[in-house]
Amino acid sequence: MLVLGVETSCDETGLALVRDGKLVCEVLASQTDMHAVFGGVVPEIASREHLRMLPLLLQDLLAKACASTPELGLTDIDAIAVARGPGLLGALLVGLSFAKGLCLGTGARLIGVNHLHAHLLAPGLEAELSTPALGLLVSGGHTHLYHMAASPDGPTRFRLLGRTLDDAAGEAFDKVAKLLNLPYPGGRYLDELAQGVEPDTRLFPRAYISNDNLDFSFSGLKTAVAEELGKRPHLTLAKMPTADELRAHGALALSRHGEELGLIAASFNWAVSETLRIKVERALDREPGVLGLVVAGGVAANSFVRKTMTSLAEQRRLALHLPGLALCTDNAAMIAHAGWQALRGGYAHGLDLESVPRGRAVPEDWAREAGFAAGETAAAHHPA
Ligand code: KG4
Ligand code: ZN
């Protein structure tokens with residue numbers, strides 16, 4: 001089954017082709033440099049840019065696919081998987097309209113995908129997931145902890161165990177970066193500044209751990225960093241560097257106080273990754289039978305988080321699923337892959353599918369094709 005994935009939930013426009021759960025090829029256009037000067041994603045710019053890029057990217061994608069499969073065309077696509085939320089509503093609507101138009105034109109089936117679940121299923125493109133698993137999603141907009149149970153005949157079942165009550169982990173990174181006058185999204189620069197630096201573990205609190213729940217709160221940590229920086233005003237860069245300048249020279253070269261800046265960054269990275277570890281350990285104690293640990297989303301690219309989760313998985317003898325860096329941030333391969341999981345069990349949406357903005361739960365309102373019984377897969381149903 002050949003599935004086209006469409007991702008437009010925030011500031012990356014992505015298309016990908018996945019055949020029977022395996023990536024064929026993908027294309028991605030990032031808007032981050034356009035939003036950087038505004039200190040966050042500007043929804044209207046994001047929607048317009050998705051609208052401009054989608055048809056161009058589709059041409060690129062098909063040209064790329066033809067390199068390995070000559071003559072491959074739109075009508076070879078069996079289904080279109082589209083990120084339906086959560087995300088920026090205008091941006092999602094552009095992707096959904098594009099997907100519906102293609103379905104109408106080609107007769108392909110349509111499946112709407114939960115963007116958060118797709119992040120956590122993404123490592124399945126690299127290796128089969130060991131489930132039941134704990135899934136930690138740490139991105140710019142979300143910090144969610146799930147219990148994940150694979151189903152042999154359809155989508156993986158997700159049970160939400162905990163979530164952030166205020167800022168997401170990535171948001172905390174971005175806000176601290178902003179305090180230092182680094183461009184948006186600044187998480188990666190804080191990671192870079194902290195490389196090789198020993199953190200001061202007394203400098204910042206591991207926020208919201210003295211309770212017995214599995215939720216997160218990062219706004220207190222951000223305030224603690226703001227207070228510390230208030231005492232060290234020389235650390236904030238006088239002029240915001242561009243992403244190009246940062247790529248060319250590195251974040252450290254742009255400050256005369258690299259050592260002190262490194263200490264703040266390392267201590268902050270440590271506080272975030274330790275907070276995540278404590279809650280994941282707590283969840284493992286409460287959820288017997290878990291075999292795998294999945295960590296996904298943009299903050300899963302963070303070197304402190306990767307190291308902490310790697311040693312936790314080793315200690316607990318869990319299979320660790322930590323996607324490669326390109327699969328951590330937003331992409332369409334993960335959307336196509338998650339869509340394929342549902343489609344192979346006969347699940348699909350109608351053309352009345354709606355997008356779901358941030359803050360609202362994404363319903364599992366797909367319908368199962370007539371003739372699909374429990375335990376029967378699409379391959380068995382359509383032997384061709
Ligand atoms: O999953 P993602 O690409 O987009 C969504 O939010 O859905 O995540 C983006 C987030 C941003 O907050 C960004 O600063 C953060 O991931 N991020 C990082 C790193 N790379 C990306 N945060 C910390 N360390 C990194 N290396
Ligand atoms: Zn995302």
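Computed from a predicted structure; not experimentally measured. All ligand and atom numbering here is 1-based and tracks the order in the structure. Scope of the values below: all heavy atoms of this structure, side chains included, with no hydrogens, waters or symmetry mates.
- H321 and E126 share no donor-acceptor pair across their side chains, judged by distance under 3.5 Å alone.
- Because the distance cut-off is set at 2.8 Å, H115 qualifies as a neighbour of the Zn ion (ligand 2) through one of its N, O or S atoms.
- A donor-acceptor pair shorter than 3.5 Å cannot be found between the side chains of D11 and H50.
- Taking 4.0 Å as the cut-off between side-chain N and carboxylate O, K64 and E26 do not count as a salt-bridged pair.
- Salt bridge R159/E287: present, at least one basic N to carboxylate O contact under 4.0 Å.
- Between atom 25 (C) of ligand 1 and the options R358, E7, H142, R188, the minimum heavy-atom separation is to R188.
- The distance from ligand 1 to the heavy atoms of G170 drops below 4.0 Å at these ligand atoms: 12 (O).
- Residue G140 has at least one N or O atom closer than 3.5 Å to an N or O atom of ligand 1.
- Backbone or side-chain N, O or S atoms of H119 reach the Zn ion (ligand 2) at under 2.8 Å.
- Aromatic pair F268/F173: centroids less than 6.0 angstrom apart.
- In this structure, of V138, N269, V299, T32, the residue bringing a heavy atom nearest to atom 15 (C) of ligand 1 is V299.
- Contact atoms of ligand 1 toward G298: 1 (O), 2 (P), 8 (O), 16 (O), 17 (N), 18 (C), 19 (C), 20 (N), 21 (C) (distance under 4.0 Å to a heavy atom of the residue).
- Heavy-atom proximity to D330, at under 4.0 Å, picks out these atoms of ligand 1: 1 (O), 2 (P), 3 (O), 4 (O), 5 (C), 7 (O).
- By the 6.0 Å and 45° rule, R344 stacks over the aromatic ring of W340.
- At the shortest separation from atom 22 (N) of ligand 1 among protein heavy atoms lies G187 CA, 3.6 Å.
- Under the 3.5 Å distance criterion, the side-chain polar atoms of D76 are matched with a main-chain donor or acceptor of G73.
- Each of the atoms 6 (O) of ligand 1 lies under 4.0 Å from some heavy atom of G141.
- If you number the atoms of ligand 1 from 1 as listed, the ones under 4.0 Å from a heavy atom of P185 come out as 13 (C), 14 (O).
- Taking the six-membered ring for Trp and the full ring otherwise, Y146 and H117 have centroids separated by under 6.0 Å.
- Note on D365 versus R84: salt bridge recorded, some NZ/NE/NH1/NH2 to OD/OE distance being below 4.0 Å.
- Ligand 1 lies less than 4.0 angstrom from a heavy atom belonging to H119.
- Proximity of E12 to ligand 1, defined as any heavy-atom pair under 4.0 Å, is not found for any part of the residue.
- Ligand-side atoms of ligand 1 in range of D191: 24 (N), 25 (C), 26 (N), range being under 4.0 angstrom from any heavy atom.
- Counting heavy atoms from C-beta on, the side chains of R188 and E192 never come closer than 4.5 Å.
- Residue-level proximity to ligand 1 for D174 is carried by the side chain, the only part with a heavy atom below 4.0 angstrom.
- L74 and M53 fall within a single hydrophobic cluster, where Ile, Leu, Val, Met, Phe, Trp and Tyr side chains are chained together by heavy-atom contacts under 4.5 Å.
- Here's the thing with T329: none of its N/O atoms is less than 3.5 angstrom from an N/O atom of ligand 1.
- The atom of D330 that is an N, O or S and sits closest to the Zn ion (ligand 2) is OD1.
- Counting protein heavy atoms only, atom 24 (N) of ligand 1 is closest to N302 ND2, 3.0 Å.
- Atoms of ligand 1 found under 4.0 Å from any heavy atom of H115 (numbered from 1 in listed order, with element): 7 (O).
- Using modelled atom types, one finds a donor on one side chain and an acceptor on the other under 3.5 Å when comparing S303 with Q195.
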